[in-house]
Amino acid sequence: MKKLNDNIEYCPHYGANLQGEPIPEKEQHHYGGATHFTRKIGISSLELDRVIKWQCPDCKQDWERE
Ligand SMILES: [Zn+2]
């Protein structure tokens, strides 16, 4: 059975795995139950003061945040 908090992600452009280092189990609750850090880079809007896009660390392309 698939784990509910399996937060594996892929770059929408080239399919690079964006899953980073594992998060220690006792700290996962700080990250919404995520099991791994993410390698994607958040691009913030100064106007909106929040992350509006993600960037892939490998191909440097970005995509809209869902
Ligand atoms: Zn990429």
Side-chain angles (χ1 to χ4, degrees):
M1 204 173 119
K2 191 176 181 290
K3 275 174 72 180
L4 286 173
N5 58 359
D6 181 356
N7 61 329
I8 192 161
E9 291 181 292
Y10 296 94
C11 167
H13 299 287
Y14 291 102
N17 188 342
L18 297 175
Q19 192 173 58
E21 297 292 309
I23 300 172
E25 209 166 317
K26 61 178 174 6
E27 290 174 24
Q28 289 177 5
H29 64 277
H30 293 305
Y31 300 91
T35 56
H36 291 75
F37 292 108
T38 182
R39 298 172 57 234
K40 69 188 178 187
I41 301 157
I43 299 175
S44 307
S45 161
L46 289 178
E47 267 174 47
L48 300 173
D49 194 28
R50 63 184 181 89
V51 173
I52 52 163
K53 282 183 174 186
W54 300 112
Q55 185 181 48
C56 172
D58 294 340
C59 67
K60 310 294 184 200
Q61 298 205 58
D62 56 34
W63 64 96
E64 297 292 324
R65 184 181 182 182
E66 285 165 24

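In each ligand, atom 1 is the first atom listed, and ligand 1 is the first ligand listed.
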- D58/R39 under side chain to side chain contact (heavy atoms under 4.5 Å, CB included): CA gap, chis, key distance, verdict: CA-CA 9 Å; D58 294 340; R39 298 172 57 234; 2.8 Å; yes
- Query: Within the side chain of Q61, is there an N or O that forms a donor-acceptor pair under 3.5 Å with the backbone of C56?
  - Reply: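 Checked: no pair found.
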- Query: Got a donor-acceptor contact below 3.5 angstrom from the Q55 side chain to the D62 backbone?
  - Reply: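 It does not hold such a pair.
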- At a cut-off of 2.8 Å, list the protein N/O/S atoms near the Zn ion (ligand 1), residue plus atom name.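 Less than 2.8 Å away from the Zn ion (ligand 1) sit C11 SG, C56 SG, C59 SG.
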- Query: What distance separates E25 CD from E27 CD, expressed to the nearest 0.5 Å?
  - Reply: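 The CD atom of E27 is 11.5 Å from CD of E25, to the nearest 0.5 Å.
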- Query: After noting the C-alpha distance and the side-chain angles of E64 and K53, does the key distance pass the side chain to side chain contact (heavy atoms under 4.5 Å, CB included) rule?
  - Reply: CA-CA 5 Å; E64 297 292 324; K53 282 183 174 186; 3.2 Å; yes
- Query: Around atom CD of E21, are there more than 12 heavy atoms of other residues, nucleotides or ligands at under 6.0 Å?
  - Reply: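 12 or below, so no.
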